[in-house]
Amino acid sequence: MSVKLKKLNEQVMVLTGATSGIGLVTARAAAEAGVKLVLAARDADALDTLAHEMRQRGVDAVTVAADVGKPEDVERIGQTAIERFGRIDTWVNNAGIGVYGTQEQTALEDMQRVMQTNFWGVVHGCLTAVKLMKNRGGAIINVGSEAGERSVPLMGTYAASKHAVKAFTESLRMELEKDKAPISLTLVKPASIDTPFPAHAKNYMEHEPDLPAPIYAPELVAKTILHAATTPERDLFVGGRAKLMSVMGAVLPRPLDGLMKAMVFRQQQQMDVPNNPDRKDALYAPDPARELRQRNHLPHKTTERSLYQAYQLRSTPVKTVIVGGALLAAWSLMRRPTQRNVWYA
Amino acid sequence: MSVQLRKIDEQVMVITGATSGIGLTTARMAAEQGAKLILAARNGEALDALASELRRKGCKVATVIADVGNMADVERIGSTAMERFGRIDTWVNNAGISIFGRNEDVALEDMQRLFQTNYWGVVHGSLEAVKHMKTRGGGAIINLGSELSDRSVPLQGLYAASKHAVKAFTDALRMELEKEGAPMTVTLIKPAAIDTMFTVHAKNYMEKEPALPPPIYAPEIVAKAILYAAQHPKRDVFVGGASKAISSGAFAMPRVLDKFMNASMFDQQQSNVPSSPNRRDALHKPDPRNELRQRQGMDDEHHVAESSAYTAVALRSEKIVPALLGAGALFAVWKLARRPGLRSAF
């Protein structure tokens, strides 16, 4: 892709789901880098608090209370951005939610609400973004998931929504490239990230939801998003585990079924924390008590860095040098006489 | 999977989208083999005509006028089957529809209708099937995905999204049912381009009539795969080697496939025939003029493959693949052992 993208400090960026988790970390990191921000979320109070924090730091930020599942709300995000800043350089479709439980347990309306936010929210966001950005150009960044590559038990509808996001993104990207539109469209695919995701999710399981390890820091995703805002990329995994799931899903689907049945049912529940019958979630309405948190602080170690990601964000020449170096090292090892014997033995 | 499934002639089988294309071909083939059928589709007249055709041949048939996008309708399919035959052995979620056009051009309400049929139709059908089958002897759920479950294309973005979602839902449901030891199999069928009424029924936003990218396969190959999965536990089946090739290409070299598709798919998905302004489609309601046809019929330029060696092997892979691997390994050992240089190394 030969699309030219601006430096962060010259950008106007739209961010959905900006008051929690990945969206919140990205908003703060973008603000730090000098981006002008259009922040969208359902909870107006949380948005006000965040905007106030941003303005105190001298950041130019505007907020839009919006449900991305409603096309008219998403159009309002676009209009506000144009009225306030005259253009949009990057549009990040980040808002998302989950439901934990078997397909049989989950109410149909809960499934529909997940699809409305996660899939239709991205469709609405992309179509509005393309309409407003196609002439001037820029970056659209959709937050998919490793579950968009390979489905998981107990989160079937979430996985379906992220699979659909991947297909829609792929198709829209090819169509924009065919038109030679100056837009780069990136799919970001995070592994488990330590955000309030499990706490916001609706839960049908006996225990409080959990994320399967390894769990990565939300800052890794924010960094990836900001990278894609300045460098055209097709798709980016966050966390080596996401890449591994994708590869195994494609190459060894049946063994992965077995592995998931053996592990994921337990890993997705905090086995020592029973589900609270009065538990609140953020599926239909935001949960004000849990807004403006970057992390959930699960009782696990969080991986703050990802080697795979560090490799992935390098430019092609650097990647070539890294891979070339590794191959060269392997070759010279094989040529060492002592090693050679070992090889045959 | 060690689930025991009945022979077709002992089965009660639900088929949605039974009055056209793959559904129709499967219904006739299953009837031929002695299955009792519950046929569902939106068009009552087409269902009646099909039912009387099959009854003349001695097949036991019940029909249900149903829109799979409507959960109440799908519940009616399940209750009709139970009232009439007392059980369901196989439930085939086949009904599907498409839209041809750029994502930017397609109306949101059309996108939603497509998703309602292709994705929610499968969700409704699968949940209703589990409800009736899980505790009554089990059986097979067969969901129609597509080669576009594994890789998206331009001009059919929402269709691909719906089929991606079907795959994820099906995979999760399968793992959940296996985890609890339910006596059920859940199979995803992923056909390549098939000569059915698909392009005629699809809504069209392009200047020309929609077309299928070659190679194009016969609907009978899909019907055979469905009936195989109704009797033998299978996780997923690609119908047509092209489907497997697209899936592998998408995994191994997505960027190359982007370029390839951008060079080929815009032309290949359009015919030379201009789209009529009065064109009818079957997105929001059935089109009675184009019902009860298994195939659209292709012109001379589009050959229809009547068999797929890939799928034939894949359906018997339990025996053939290990046998081939075993024979290959033995051959390799024999060749290696004969090489003098390596012999000493051994």
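Chain A is the first sequence line, chain B the second, and so forth, proteins listed ahead of strands; every chain is numbered from 1.
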### Message
Is it the case that over 12 heavy atoms from other parts of the model lie below 6.0 angstrom from the CD atom of A/E206?
### Response
no
### Task
With side-chain contact (heavy atoms from CB on, under 4.5 Å) as the test, would you mind laying out the steps for A/T102 and B/K179 before giving the verdict?
CA-CA 11 Å; A/T102 64; B/K179 177 74 175 178; over 6 Å; no
### Task
Using non-hydrogen atoms and a 4.5 Å limit, figure out which bit of A/V165 sits close to chain B: side chain, backbone, both or neither.
neither
### salt bridge (charged side-chain N to carboxylate O under 4.0 Å, His left out) involving B/E147 - partner list, sequence neighbours excluded
none
### Message
Does any part of the side chain of A/L108, heavy atoms only, come nearer than 4.5 Å to the side chain of B/V123, both counted from C-beta?
### Response
yes
#### Entry: Side chain / backbone / both / neither for A/L127 at chain B, heavy atoms under 4.5 Å
side chain
### Message
Counting only non-hydrogen atoms closer than 4.5 Å, does A/F168 touch chain B with its backbone (N, CA, C, O), its side chain (CB onward), both, or neither?
### Response
both
#### Entry: pair A/P253-B/R235: side-chain heavy atoms closer than 4.5 Å
yes
### Message
I need the full list of side chain to side chain donor-acceptor pair (under 3.5 Å) pairs touching residues 155-164 of chain A, with sequence neighbours left out, sorted by first then second residue.
### Response
A/N118-A/S161
### Message
Report which part of B/L173 has an atom under 4.5 Å of a heavy atom belonging to chain A: side chain, backbone, both, or neither.
### Response
both
### Task
Mind checking the CZ-NZ spacing from B/R174 to A/K261? Nearest 0.5 Å is all I need.
9.5 Å
### Summary
Greatest number of non-hydrogen atom pairs under 4.5 angstrom with chain A, of B/A160, B/P254, B/S247, B/G157, falls to B/P254
### Task
Can you tell which part of A/K134 gets under 4.5 Å to a heavy atom of chain B, answering side chain, backbone, both or neither?
side chain
### Message
I'd like to know which of A/G258, A/G156, A/A250 tops the heavy-atom pair count under 4.5 Å against chain B.
### Response
A/A250
### chain A-proximal positions within residues 106-117 of chain B [heavy-atom distance under 4.5 Å]
B/L108, B/M111, B/Q112, B/F115
### Short side-chain to backbone donor-acceptor contact, B/D171 and A/S151, under 3.5 Å
no
### Task
Ignoring hydrogens and angles, tell me if any N or O in the side chain of A/E175 forms a donor-acceptor pair with the backbone of B/L155 under 3.5 Å.
yes
### Message
For A/M174 versus B/S152, what's the shortest heavy-atom pair and its separation?
### Response
CE-O, 3.5 Å
### Message
Contact between A/L154 and B/M175 at the side-chain level, heavy atoms closer than 4.5 Å - yes or no?
### Response
no
### Task
Indicate yes or no: does A/E177 engage B/K259 in a salt bridge with an N to O separation below 4.0 Å.
no
### Message
If the threshold is 4.0 Å, N to carboxylate O, is there a salt bridge linking B/E178 and A/R254?
### Response
yes
#### Entry: Minimum heavy-atom distance A/A164-B/A165, with the two atoms named
CB-CB, 4.2 Å
### Query
In terms of heavy-atom contacts, does NZ of A/K319 have more than 12 from other residues, nucleotides or ligands at under 6.0 Å?
yes
### Query
Passes salt bridge (charged side-chain N to carboxylate O under 4.0 Å, His left out), A/E104 versus B/K134? Steps please.
CA-CA 11 Å; A/E104 287 177 82; B/K134 196 166 102 175; 3.0 Å; yes
### Query
What part of A/V264 is in contact with chain B, defined as an atom under 4.5 angstrom from a non-hydrogen atom: side chain, backbone, both or neither?
neither
### Message
Heavy-atom cut-off 4.5 Å, strictly under: side chain, backbone, both or neither for B/L177 against chain A?
### Response
side chain
### Message
For B/F169, which atoms come within 4.5 Å of any heavy atom of chain A: side chain, backbone, both, or neither?
### Response
both
### Task
Kindly compute the distance separating OG1 (B/T170) from CD (A/Q103), expressed to the nearest 0.5 Å.
9.0 Å
### Task
Not counting sequence neighbours, which residues clear salt bridge (charged side-chain N to carboxylate O under 4.0 Å, His left out) with A/K243? List them please.
none
### Query
Is there a side-chain contact between A/K178 and B/R102, using heavy atoms and a 4.5 Å cut-off?
no
### Message
Given heavy-atom pairs under 4.5 angstrom as the criterion, report whether the side chain, backbone, both or neither of A/V152 touches chain B.
### Response
backbone
### Task
Let me know if A/M115 has heavy atoms under 4.5 Å from chain B in its side chain, its backbone, both or neither.
side chain
### Query
Does the side chain of A/S171 reach to within under 4.5 Å of the side chain of B/N103, using non-hydrogen atoms?
yes
#### Entry: Contact winner vs chain B - A/M260, A/E149, A/Q112, heavy-atom pairs under 4.5 Å
A/Q112
### Query
Does any heavy atom of chain A fall under 4.5 Å from the side chain of B/Y159, the backbone, both, or neither of them?
neither
